[in-house]
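In what follows, a structure is listed as structure tokens, so that the remarks can point back to it.
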Amino acid sequence: MAALHHRKVETKKKKARRAIPRPAVTRIQGNTAAARKRLKKASGQARAAKAKASA
């Protein structure tokens, strides 16, 4: 069951307000098969873009 009590909502809002603002992640991190595959693809796309820009 979802915890949507008034007190819970207040607590979540207060915690969100106190959270340190951080920049959004530019690429995923992780050591799982799927994450490594996506990182490999992203690095390949980055390399291709860099090569295209320099050429």
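Nothing fancy with the numbering, it's 1 onward along the sequence. Quick caveat: nothing in here was measured; it's all calculated off a predicted structure.
- In this structure, CD in Q29 is found 6.0 Å from CZ in R27, a value given to the nearest 0.5 Å.
- A side chain to side chain contact (heavy atoms under 4.5 Å, CB included) with V9 holds for exactly one of H6, K13, H5, K12; it is K13.
- The side-chain heavy atoms of K15 and R18, taken from C-beta on, include a pair separated by under 4.5 Å.
- Atom OG of S43 sits about 11.0 Å away from atom CZ of R36, to the nearest 0.5 Å.
- For R7, the salt bridge (Lys or Arg N to Asp or Glu O under 4.0 Å) partners are E10, not counting sequence neighbours.
- Hydrophobic cluster membership of L39, counting Ile, Leu, Val, Met, Phe, Trp and Tyr whose side-chain heavy atoms lie under 4.5 Å apart directly or via other members: I28.
- The line from CZ of R47 to NZ of K50 is 9.5 Å long, rounded to the nearest 0.5 Å.
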